Structures are given as structure tokens and as C-alpha cells.
> 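The structure is given below, and queries will be raised subsequently.
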Amino acid sequence: MDSILVTGNGPLNGQIPIAGAKNACLTLMPATLLSEEPLTLTNAPRLSDIKTMTALLQSLGAEVSSLQDGQVIAMSSHDLTSQTADYEIVRKMRASNLVLGPLLARFGEAVVSLPGGCAIGARPMDLHVEGLEALGAEIELEDGYLHAKAPGGLKGAVHEMRFASVGATENIVMAATLAKGTTVLKNAAREPEIVDLVECLRKMGAQISGEGTSTIEIQGVDRLHGATHQVVTDRIELGTYMLAPAICGGEVELLGGRMSLVESFAEKLDAAGVDVVQTKDGLKVARKNGRVRSVDVVTEPFPGFPTDLQAQMMALMCTAEGTSVLEERIFENRFMHAPELVRMGANIEVHGGTATVTGVESLKGAPVMATDLRASVSLILAGMAAEGETTVSRVYHLDRGYEHVVRKLEGVGAKIERIKGQ
Ligand code: EPZ
């Protein structure tokens with residue numbers, strides 16, 4: 001297995017291009033199942049998760065071609081051969097469950113493996129099931145698979161979700177585009193990736209309003225046609241790289257960054273003493289003066305502080321002045337980066353869903369282990385500011401969500417290299 005070797009190397013300067021959003025692309029790709037006409041995505045990120053979704057769609061009989069070095073994904077699901085998403089693929093990537101709604105809507109049948117737990121939590125699918133059942137689906141759990149049927153087609157309904165789940169919102173909205181009648185989804189998730197999905201579905205002929213708010217209304221249509229859609233900028237990659245100059249010092253411009261994607265995150269950075277300025281090309285980030293200050297963080301559904309930036313923010317707080325309390329309210333086990341940061345000299349106490357970080361002057365490089373996607377990049381950020389060398393192992397986690405990390409960080413002056421595993 002490969003590892004990343006990073007050495008503290010002082011302030012950063014330059015520009016980092018931000019890619020298309022992994023979590024938008026992973027819901028836009030299954031949308032191809034809703035139509036027999038081609039769907040083409042541009043500005044797609046080059047990530048292993050995208051390859052996994054490609055394999056899943058191909059296992060259903062869809063044609064998926066990766067063009068222009070992976071930045072364009074051309075898909076057609078005119079002739080599907082299966083409606084079963086196999087455990088072997090779903091267990092590798094939870095987002096595979098996003099084929100459930102589209103398959104049910106187009107074919108009236110879907111068999112999707114339950115994803116099983118993952119490092120950060122149990123991640124059940126009850127909210128997906130409740131929403132699709134509200135649209136008239138009959139869903140049974142057998143031998144680890146959800147067997148979903150809608151023999152007479154789905155019917156629009158008013159449904160309020162118990163929690164603003166991102167994936168459940170995406171599955172229900174996609175299913176409702178082909179349901180008979182009107183669906184009103186309440187307590188819907190408001191993430192930019194959902195807005196991007198709705199904009200793509202609308203290009204395909206869907207009748208949807210309210211995206212980005214807690215109530216989304218969908219008028220079912222008989223069929224959807226093909227479209228071409230540009231994937232929205234990745235706000236989590238953006239936020240991650242905003243932290244690089246915050247942790248190391250210097251000034252970095254994140255190309256393609258938009259303040260509207262990271263409003264609450266940028267507010268937290270401002271309170272910690274980090275300047276974020278919108279330029280014509282993106283976001284320019286620099287420390288206001290010297291050491292950052294500790295701030296408290298609570299993760300919430302959008303527009304609140306994103307859970308996917310909690311691990312990276314913890315890395316910044318490790319060397320901040322004062323004490324920071326980070327509360328993780330979205331996932332039940334998302335502090336696995338904490339003991340690894342402690343190996344680097346951080347002062348962190350975790351009690352249940354709360355981590356208390358008392359800033360230290362400087363971290364010390366050490367061998368550490370990546371445990372999940374966002375933890376892996378949190379350790380790299382910490383290593384960039386630490387004295388000495390840090391080796392981050394199990395970087396296959398990193399490849400799931402960050403393209404060309406070494407190249408992007410080297411480009412602004414980080415001392416970082418990928419070591420091929422034996
Ligand atoms: C999406 O996951 C993202 N993944 C996650 O990003 C992100 O952390 C999460 O939303 C929250 O923002 C993709 O978009 C591919 P949820 P999702 O349904 O849809 C519980 C990353 O690092 N829940 O909003 O799975 C669930 O267990 C990944 O890029 C239920 O209880 O998130 C969790 O505690 C990690 N029942 C909470 O809700 C359900 O039916 C949020 O889950 C569904 C979810």
C-alpha cells in the first residue's frame with residue numbers, strides 16, 4: 001500500500017485548481033438510469049470512487065465512457081441488463097445505494113445490497129426506504145439486500161423526512177421525477193450537490209422546484225431525455241485546501257472556489273484569524289497575523305458547518321491559540337483522526353461526539369495511519385505544519401476523494417511525495 005511522506009516546510013504560496021465535486025458526481029451518474037437517452041457530465045473529478053460508480057453502472061448494463069483524461073463521463077442506459085446492485089460493489093462505496101431510486105422509478109424494480117457499516121458509522125438506509133415507500137414502493141430486506149418493487153409505478157406523495165439525509169433526499173427526488181403526480185419532500189437536505197443534481201434533472205426534463213431549501217416539489221413526468229451537465233465545484237476539496245495556508249502560513253488562491261459553497265466554513269476561519277477573499281478566479285486565503293485562534297465547531301446539515309471538513313478543521317485547531325471544542329453531530333464515529341494527531345503531539349480529548357483540542361505551539365512529524373477519506377487529508381495538513389517528517393499510510397482512502405493531492409500541494413510549496421508501497 002502506498003504512503004505519503006510530508007515534511008514541514010513553512011509558508012505556502014501559489015494557486016490550487018479545485019475539481020468537480022465527488023459527492024455531486026456520485027449522484028449525477030446514477031441519474032443516467034432515469035432516461036434511455038445519453039447523459040454526459042463535464043468537469044468530473046478523477047477519483048477511485050468515480051471508477052467504482054462506473055463499474056456499478058456498467059454491471060447494470062449501462063454504457064459509461066471516461067473521456068478527456070476522466071474529466072468527461074459519457075453515459076447511456078438505453079439497454080440495461082440488470083436491476084441488481086451487488087454487495088461486492090456496494091460494500092466498497094455507500095453511494096452505490098443511489099441507484100435505488102432511479103432503478104425503481106424507471107423499471108418498477110430494484111435489488112440493492114445494504115451498504116453495511118463503514119469506519120465513520122452504521123449509516124443505515126431507513127430514511128431512503130421510508131421515502132420510497134411513501135411514493136408507493138414495496139421494499140423488503142432479504143439476505144442483506146433491499147428488494148424494492150413498484151409494479152404499478154410510483155405515485156407522488158407528501159413526505160417529511162425525520163432527518164435531512166443527503167442520500168435519501170437524492171434517491172427520493174430522482175425517484176419522484178417519474179412518479180405519477182406531485183411529490184412534496186419536506187425536511188429535505190439543502191447541500192449544493194443536491195442543487196446541482198436538480199439542475200441536471202431539470203435539463204433532462206424534470207419538473208422540480210425548491211432545491212436548496214427544506215421543501216422540494218417534484219411534478220412527475222412520463223419520461224426524461226438526455227442532457228449534458230457540468231459538475232459543480234467540490235466544496236469539500238475547496239475547504240480542505242483553504243486550510244493549507246491557514247495551517248502553514250502564506251497565501252494560496254483556490255481556483256474555481258466560490259464563497260457561496262463554503263459560507264459557514266469561511267466564517268469559522270475568519271473567527272480563527274484567517275482571511276478569505278473572493279477574487280475573480282476563486283478564493284484567496286491567508287492568515288491575518290501569526291498564530292490562529294481556537295474556535296468551537298458543531299457539524300450540521302448544510303448550510304451549517306460540514307461534517308466532511310471536521311477532521312481537517314481539527315488539524316488547524318491542534319496548533320491554534322487556546323482551546324477548541326468540536327462537536328460531531330452527523331456521524332457517530334468520526335474522530336478516528338484524533339489519536340493519530342495525538343501521536344504528532346496534539347492535545348485532544350474525545351468524549352463521545354465531542355473532541356476538546358488544546359492548541360500546542362507546534363506538532364512533531366510521526367508515522368500515522370489514515371482511517372477514512374477525510375481523516376487522511378487531515379493528517380497530511382498536520383504533517384505540512386509539523387516539525388520533521390510525517391508518513392501517512394493507507395492512502396488508498398485519499399484516492400477516493402482527492403485527485404492529484406501531491407501535485408496540487410507541491411505546486412504551492414509543500415514538501416510532499418508519494419511512496420510506492422511494496
Ligand atoms: C453524504 O453521505 C456524503 N456522501 C458524505 O460524504 C457526507 O458526510 C454526508 O452526506 C453528510 O453530509 C455522498 O454524498 C456520496 P446522510 P450520506 O444520509 O448521504 C444517518 C465524504 O467524505 N442516516 O446525510 O450517506 C447517517 O447514518 C462522505 O465525502 C440514517 O440514519 O449522508 C448519518 O449519521 C462521507 N438513515 C447521517 O444520517 C438513513 O437512511 C447523515 O447521513 C440515511 C442516513
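Note that ligands are numbered from 1 as they come in the structure, with each ligand's atoms numbered from 1 the same way. Keep in mind that what you see is a predicted model, and the values were worked out from it rather than measured.
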> Which residue holds the protein heavy atom closest to atom 18 (O) of ligand 1, what is that atom called, and what is the gap in Å?
S165 OG, 2.7 Å
> In Å, rounded to the nearest 0.5 Å, how long is the span from NZ of K180 to CG of L135?
12.0 Å
> Could you tell me whether ligand 1 has any atom less than 4.0 Å away from a heavy atom of P124?
yes
> State whether any protein heavy atom lies less than 4.0 Å from atom 13 (C) of ligand 1.
yes
> Quick test: of every protein heavy atom, which one is nearest to atom 11 (C) of ligand 1, and how far off is it to 0.1 Å?
T307 CG2, 3.9 Å
> Using a 4.0 Å cut-off to any heavy atom of G167, which atoms of ligand 1 qualify?
18 (O), 19 (O)
> Less than 3.5 Å apart, any donor N or O on the side chain of E109 or Q83 sitting next to an acceptor on the other?
no
> Rounded to the nearest 0.5 Å, what separation is found between the CD1 atom of I348 and the CD atom of E340?
10.5 Å
> Would you mind checking if R162 and D126 are paired as a salt bridge, meaning a charged N to carboxylate O distance below 4.0 Å?
yes
> Looking at every heavy atom in both R293 and A320, which two are closest together, and how far apart are they?
C-CB, 3.8 Å
> Side chains of T182 and Q219: donor-acceptor distance under 3.5 Å anywhere?
yes
> Only one of R418, R46, K51 forms a salt bridge (Lys or Arg N to Asp or Glu O under 4.0 Å) with D399, so which one is it?
R418
> Could you check atom 22 (O) of ligand 1 against the protein and tell me its nearest heavy-atom contact, residue, atom and distance included?
R374 NE, 2.9 Å
> Going by ring-ring contact (aromatic ring centres under 6.0 Å, His included), name the residues that satisfy it together with F265, two or more places apart in sequence or in a different chain.
F305
> Checking a contact table here: which protein heavy atom is nearest atom 9 (C) of ligand 1, and how many Å away?
F331 CZ, 4.0 Å
> Among all the protein's non-hydrogen atoms, which is closest to atom 24 (O) of ligand 1, and how far away is it?
V166 N, 2.8 Å
> Just heavy atoms, cut-off under 4.0 Å: does E170 contact ligand 1 by side chain, backbone, both, or neither?
neither
> What protein heavy atom lies closest to atom 40 (O) of ligand 1? Include the residue and the distance to one decimal.
L127 N, 2.7 Å
> Within ligand 1, which atoms have a heavy atom of F163 less than 4.0 Å away?
37 (C), 38 (O), 41 (C)
> Among all protein non-hydrogen atoms, which one is nearest to atom 17 (P) of ligand 1, and what is the separation to 0.1 Å?
R123 NH2, 3.9 Å
> Please give me the minimum heavy-atom distance between A189 and V166, naming the atom from each residue.
CB-CA, 3.8 Å
> Does a donor on one side chain and an acceptor on the other come within less than 3.5 Å for E253 and T279?
yes
> Under 4.0 Å from ligand 1, counting heavy atoms only, is it the side chain of I330, its backbone, both or neither?
both
> Applying a heavy-atom cut-off of 4.0 Å, say which part of D308 lies close to ligand 1: side chain, backbone, both or neither.
side chain
> Only one of V325, N347, V350 forms a side-chain contact (heavy atoms from CB on, under 4.5 Å) with T356, so which one is it?
V325
> So if I count the atoms of ligand 1 from 1 in the order they appear, which ones are less than 4.0 Å from some heavy atom of K22?
21 (C), 29 (O)
> Can you measure from CD1 (I208) to OG1 (T183) and round to the nearest 0.5 angstrom?
10.0 Å
> Using a strict cut-off of 4.0 Å, indicate which atoms of ligand 1 neighbour a heavy atom of R334.
8 (O), 22 (O), 35 (C)
> Would you check whether D126 has a nitrogen or oxygen atom less than 3.5 angstrom from a nitrogen or oxygen atom of ligand 1?
yes
> For ligand 1, is any non-hydrogen atom under 4.0 Å from A95's backbone (N, CA, C, O), its side chain (CB onward), both, or neither?
side chain
> Which protein non-hydrogen atom lies closest to atom 15 (C) of ligand 1, naming both residue and atom, and how far is it?
N23 OD1, 3.4 Å
> Pull out every atom of ligand 1 sitting under 4.0 Å from any heavy atom of R94, numbered as shown with elements.
25 (O), 43 (C), 44 (C)
